[in-house]
Protein chains: 2
Amino acid sequence: MYISTRGRYAVRAMLDIALSTDDKPVSLRAISDRQNLPISYLEQIFNRLKRVGLVNSIRGVHGGYHLGKPANEITVGSIIKVLEGPIRLSKCNEPVANRPTCIGPNDCVAKVMWERLEHQIDELLEGISLEDLVRESESLGRQGVTKKYEESVS
Amino acid sequence: MYISTRGRYAVRAMLDIALSTDDKPVSLRAISDRQNLPISYLEQIFNRLKRVGLVNSIRGVHGGYHLGKPANEITVGSIIKVLEGPIRLSKCNEPVANRPTCIGPNDCVAKVMWERLEHQIDELLEGISLEDLVRESESLGRQGVTKKYEESVS
DNA sequence: AAGATTCTTGACAGACAGAGTCGAGTATGT
DNA sequence: ACATACTCGACTCTGTCTGTCAAGAATCTT
């Protein structure tokens, strides 16, 4: 039920870019430093993000990445789905361990239910844009949030 | 993002019991046959279901399991959570690979978002009871559903 | 032109969780 | 007695996830 680190890191990295105020491209190195994420892992992630146009890349010194679309058009769902494939709760129709799935009648009832849930979760994820997160980030204020977090953890 | 087979099998098995018309306990063997699920795996699953009272067991010949509560009080969410723990999308606060999580400011924004989504998904799952599925199963009709499924797959 | 940055790509490895099995045991009905 | 069924815990296997590494190509700075 977890969302993989790939997907979550991607959201954080994209948000990092979205939060950068100037127009300069944001390098993986900078993201890696700010977010404390392994740079080589980010490379892998950004390859995929680039391939689908969620980011544009600029090579060379002072290169980096830009958002490929305005922040309000980039949803959390779209980022997640690039890195994890479509939202799926069950593996109906995919035989598992030589055992055909979706055999009995109530398996089908369950299948319909899973698909309905998948759709609902998809809508939840598609309903949140990077812009929403940027706004939230600004309204909370950086220092404040960090402090609160540190207190709650320690 | 998948729900594990344990969780999904559990829902199917519980629905199987809920669909049984008479009061006789339903044996794992019967469930295994009808649902095409490995019986030894079901044993594992039902151990957990029993421990939290979602089912009652009757030993010996003609033994088996009953629902531990009325079908309308058993939600899909409660079943899933017995087998997979609470609904969680991120692992914030759990250090991964020696790397402290939740460091940067927008990690916290993301964290808040994940928690909100977890809560929303939880509500979706808690909103579906076994009774709902029983009703759905009856209204669709067993044969009809099976046919439809077979057509859509082939 | 040389060198430093930075993206590009694919192969690879270790750890871990998920899926399922197995066996020994206990309780109960016939 | 014997067959049926639940009880419990240990175990294995497989695949995915996480992350690393290395070689290369493009671009900027000096």
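Fair warning: this is a prediction, and the values are worked out from it, not measured in the lab.
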Trace of the side chain to side chain donor-acceptor pair (under 3.5 Å) decision for B/Ser4 with B/Tyr9: CA-CA 9 Å; B/Ser4 70; B/Tyr9 290 0; over 6 Å; no
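- For the helix from C/dA1-D/dT30 to C/dT30-D/dA1, the angle separating the two terminal helix axes comes to 10°, with each axis derived from five pairs and the value rounded to 10°.
- Screening residues 55-66 of chain A for side chain to side chain donor-acceptor pair (under 3.5 Å), with sequence neighbours left out, gives A/Lys50-A/Ser57.
- Remark: A/Arg48 engages no residue in a salt bridge (Lys or Arg N to Asp or Glu O under 4.0 Å) (not counting sequence neighbours).
- Atoms CZ (A/Arg88) and P (D/dT16) sit 13 Å apart, rounded to a whole Å.
- Rounded to an integer number of Å, the gap from CZ of A/Arg8 to C1' of D/dG19 is 14 Å.
- Residue A/Leu42 contributes atom CG, which lies 10 Å from atom P of D/dT20 at whole-angstrom precision.
- A/Tyr9 has a side-chain polar atom (N or O) that falls below the 4.0 Å cut-off from OP1 or OP2 of D/dG19.
- To the nearest angstrom, C1' of C/dG20 lies 14 Å from CG of B/Leu83.
- With sequence neighbours excluded, the residues forming a salt bridge (Lys or Arg N to Asp or Glu O under 4.0 Å) with B/Arg116 are A/Glu136, listed by chain and number.
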Base-contact (B) and sugar-phosphate-only (S) positions in nucleotides 2-12 of chain D, heavy-atom cut-off under 4.0 Å, - elsewhere: -BBSBBB----
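- Following rounding to the nearest Å, B/Ile3 (CD1) and C/dA17 (P) show an atom-to-atom distance of 19 Å.
- Residue A/Thr5 places at least one side-chain N or O under 4.0 Å from the OP1 or OP2 atom of D/dG19.
- If you measure from atom OH of B/Tyr2 to atom C1' of C/dA19, you get 15 Å, rounded to the nearest angstrom.
- Between the OH atom of A/Tyr41 and the P atom of C/dG10 there is a distance of 18 Å, given to the nearest Å.
- Evaluation of the ring-ring contact (aromatic ring centres under 6.0 Å, His included) test over residues 13-38 of chain B, restricted to residues two or more places apart or in two chains, returns none.
- Residues forming a side-chain hydrogen bond (donor to acceptor under 3.5 Å, both in side chains) with A/Arg29 (at least two apart in sequence, or on another chain): none.
- Following rounding to the nearest Å, A/Leu49 (CG) and C/dC7 (C1') show an atom-to-atom distance of 14 Å.
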Distance-only donor-acceptor hits, side chain of residues 69-82 of chain B, under 3.5 Å, sequence neighbours excluded:
unit_1, atom_1, unit_2, atom_2, d
B/Thr75, OG1, B/Ser78, N, 3.0
B/Thr75, OG1, B/Ser78, OG, 3.3
B/Thr75, OG1, B/Glu126, OE1, 2.6
B/Ser78, OG, B/Thr75, N, 3.3
B/Ser78, OG, B/Thr75, O, 2.7
B/Lys81, NZ, B/Asp122, OD1, 2.8
B/Lys81, NZ, B/Glu126, OE2, 2.7

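- Residue A/Asp22 qualifies as enclosed at atom CG: its count of foreign heavy atoms under 6.0 Å is above 12.
- Applying the side-chain contact (heavy atoms from CB on, under 4.5 Å) rule to A/Glu123 yields the partners A/His119; only residues at least two apart in sequence or on another chain are considered.
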